[in-house]
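Protein chains get the first letters and strands the later ones, always in sequence-line order, with residue 1 at the start of each. This structure is a prediction, so every number in the text was calculated from the model and none was measured. Side-chain atoms are counted along with the backbone in the values below, which use heavy atoms only and exclude waters and symmetry mates.
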Protein chains: 2
Amino acid sequence: MSPEATEAPTRSPASGTQRSSSRLRLLVLDRDPGFTQVLANRLDAVGWELRTVSNPVTVDALVTMRLNALVLDLAVIGPGSWEYLERVCARMPALAVVICTGPSSVAQRVRGLRLGADAWMTKPCHAEELISVVEAALRRHRRAEMPELVQTTTIGELTVRPDLYQAYVNGQSLELTAREFEILQLLSQSDRVLRREEIYERVWGYAMAHGDRSVDVFVRKLRQKLRAGSPGWNYIHTHFGVGYRFAPEPDVEAGAGCDEHPAPRAGSALLGV
Amino acid sequence: MSPEATEAPTRSPASGTQRSSSRLRLLVLDRDPGFTQVLANRLDAVGWELRTVSNPVTVDALVTMRLNALVLDLAVIGPGSWEYLERVCARMPALAVVICTGPSSVAQRVRGLRLGADAWMTKPCHAEELISVVEAALRRHRRAEMPELVQTTTIGELTVRPDLYQAYVNGQSLELTAREFEILQLLSQSDRVLRREEIYERVWGYAMAHGDRSVDVFVRKLRQKLRAGSPGWNYIHTHFGVGYRFAPEPDVEAGAGCDEHPAPRAGSALLGV
DNA sequence: CGAGCTTGATCACAGGATCTTCACAAGGAA
DNA sequence: TTCCTTGTGAAGATCCTGTGATCAAGCTCG
C-alpha cells in the first residue's frame, strides 16, 4: 500500500488551536447592566460563553481570555480608545471585534473600522441584532480558520488524524474507509454512549430508518480493523439496548474477574430516549 | 503558450492566490444615480474596479463576474429578495456582501445577516462609511489568504513559482494552464486532504454544484503533465470518498517486496452540515 | 472580421471500491 | 425457555473516480 496510507507523516499538522470545538467565547466590555443582562439571557440560549466586564481590561488580559469575539463600548475605555482598539486588533487579528457604542460621527465609525473593527453598532440597539452582527463577523473568521480546527488526538494506542482522514496505530494506517473514519472519529470524540440513531444521523446526515443495521455493520468493520492494528485492546463497547461507547481498554484476557462496567464515565448514557 | 505568466488572470478566484495584486472587483446593485456616482468617484481614487447595475442580475451572472464584494439594495430585487440573498451567499461563500438599503426593521436586518450578508447599512449613508464597511468585510478574507507564500517553493522534483504562474521540473516548464496551476498551487500548499468542494470553492470562487466533476478532470490533467515532466514520482493522491492530497513520493514501482498501493484510504468529511 | 488554436465545462462509460441488505448464529434479558 | 438485540459473513446494488472525447467560449493573428 502506498506509504502515505501506511505511515503517518511525522510532521504535526494541526498546530493545535485552542478554540477547538468548545463553545464560542465572547467578551462584552460595557457598563449598561440592562443591556448586558438581555444579552446574557439571549446568548445563554444560543450556547455561547459570555463574559461581561464594565471596566477597561488590558490587552494582555484579553489575550489570556482566548476570546472568539469582543463587543466593545468605546466609552468604557475613554480617552485612548482608538489606540486601545488598534492594539487589540493588531494583537489578535483573528478576533472578531464589534464596536457597540453611543452616537458617533461618520468619521469616527470609519476610523474604527479602518483600525480593524469588524462592525459598528450604534446604541441603543437591539440585542438580537447585535448577536447577528457578531455572528456575521465570526462566520468570516471561522471560514478563515477552518483548517486549524482539525486536531489530531491520541487515545490509547490510537491516533486519529482528521487532516488525513485516517487513524493510525504506531504510525501504521488502519486503512479506514471514509465512513468508517467518520464513525470512529465521532465515537472517539465523545466519552459517552451514543445511540445508533444518533450516530447515524450525525454521520449520514439524515434520520436512520427503523431497523437499519448499517451502524452495526460499520462498528463490526471498525472493530475488525482496530483489532488487526492494535490487538490486545478493546475500543468500542456495546451497550445492550442502547448503542456504542468508545473507550480504549487493554484486554483483560486472563481470568481477571471483573471485566464489567468499564468506568462509568460522567454523564453515562442518555437513558431511554 | 508562454511558459511564464499566462498573464495574471484579471482577478483571482477566491483562492486569493493573486488577488492581492489585482484590483478588487465590486458590484453595486442600486438605482440611486447620485449615490452610485459618489461611490464611483471615491472608489476610483482607491483603485477598485466598480461596476454599477440598477436592475436585478441573475445569480449565475454574478458568478461569472468574479466579484470580490457586492453592495446590494434589496429594493432593486423587490419581492424574493431574501431568497435571492440566500442563493447568492450560498453560491459564493467567499463573496463579501453588504446590504445597503432603505429603512428597515430589526427583524429584517437580523434576517439579512443570518442569510449570509456581512453587514447592513441603512440609507441614506455616507459613501466613505460604506467603503470602510466593505473593506472590513474583505479584510477577513484577505487575512485568511495572506499567509500564502508568494514565494517559490520546491517539493520533490517540483518547483512552484507563483510569480510566473507556472510549475517547473528541472527548469522545464510543465506548461500548466492558469486553472491547472491554481489547483496545483492550492494542493501543494496544504499538507492535508482537501475535499473537492473545498478545492472548487477556493479556485473557482463559488460553491461547487452537486455532481460537478471539474476538479477530477483537472486533477487528471495535472497528473498527466506531472507524470510527463517528472516520471517516477507520484504527487497527487486520491482519498476515496473525500478528495485529494498533495505529497511527492517516488514511485515504488519495481518489485519492492511491499504490496501495492491501493490509494490511501481516508475518511470523509465531518459531514458538511 | 474570421480562421485556428487554447482552455475550460460536460458527458458517457468502465472498472473498482464501498455500502446496504439479508439470513442466520450468538448473546442477553425475562 | 423464549423473545429480542447484536455479531457475522457474503452477495448484489450503488456510488466514486479515471479516462477519452466532444463542445462552447475566448483569444491571437492575419
Which whole-number value in Å describes the distance from L222(B) CG to dT7(C) C1'?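 Computing the L222(B):CG to dT7(C):C1' distance gives 14 Å.
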
Mind grabbing the angle between the end helix axes of the helix from dC1(C)-dG30(D) to dA30(C)-dT1(D)? Five pairs an end, 10° rounding.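 About 40°, once rounded to a multiple of 10°.
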
Applying ring pair (Phe, Tyr, Trp, His ring centres under 6.0 Å), can you list everything that pairs with Y244(B), at least two apart in sequence or on another chain?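 Partners of Y244(B) under the ring pair (Phe, Tyr, Trp, His ring centres under 6.0 Å) test: none.
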
Using ring pair (Phe, Tyr, Trp, His ring centres under 6.0 Å) as the criterion, list what pairs up with Y84(B), not counting sequence neighbours.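 Listed in chain order: nothing, the list is empty.
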
Could you give the start and end, 5' to 3', of the contact zone on DNA chain D for chain B, using atoms under 4.0 Å from its heavy atoms?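 So the outermost contacting nucleotides come out as dC16(D) to dG20(D).
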
Excluding sequence neighbours, so at least two apart, what forms side-chain hydrogen bond (donor to acceptor under 3.5 Å, both in side chains) with E86(B)?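 With neighbours one apart ignored, the set is empty.
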
Residues in side-chain hydrogen bond (donor to acceptor under 3.5 Å, both in side chains) contact with Q172(B), at least two apart in sequence or another chain: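 Result, side-chain hydrogen bond (donor to acceptor under 3.5 Å, both in side chains) vs Q172(B): none returned.
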
Just to verify, what does [X] make a salt bridge (Lys or Arg N to Asp or Glu O under 4.0 Å) with, not counting sequence neighbours?
X	value
R51(B)	none
E83(B)	none
R87(B)	none

Got a sec, which residues hit side-chain contact (heavy atoms from CB on, under 4.5 Å) with D60(B), two or more places apart in sequence or on another chain?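 Per chain and number, D60(B) pairs via side-chain contact (heavy atoms from CB on, under 4.5 Å) with T58(B), R91(B).
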
Sequence neighbours left out, what passes side-chain contact (heavy atoms from CB on, under 4.5 Å) with R227(B)? Give chain and number order.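 For R227(B), the residues satisfying side-chain contact (heavy atoms from CB on, under 4.5 Å) (neighbours in sequence not counted) are R223(B).
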
Can you give one letter per nucleotide of nucleotides 19-30 of chain C, 5' to 3': B if a protein heavy atom sits under 4.0 Å from the base, S if only from the sugar-phosphate, - if neither? BBB-----BS--

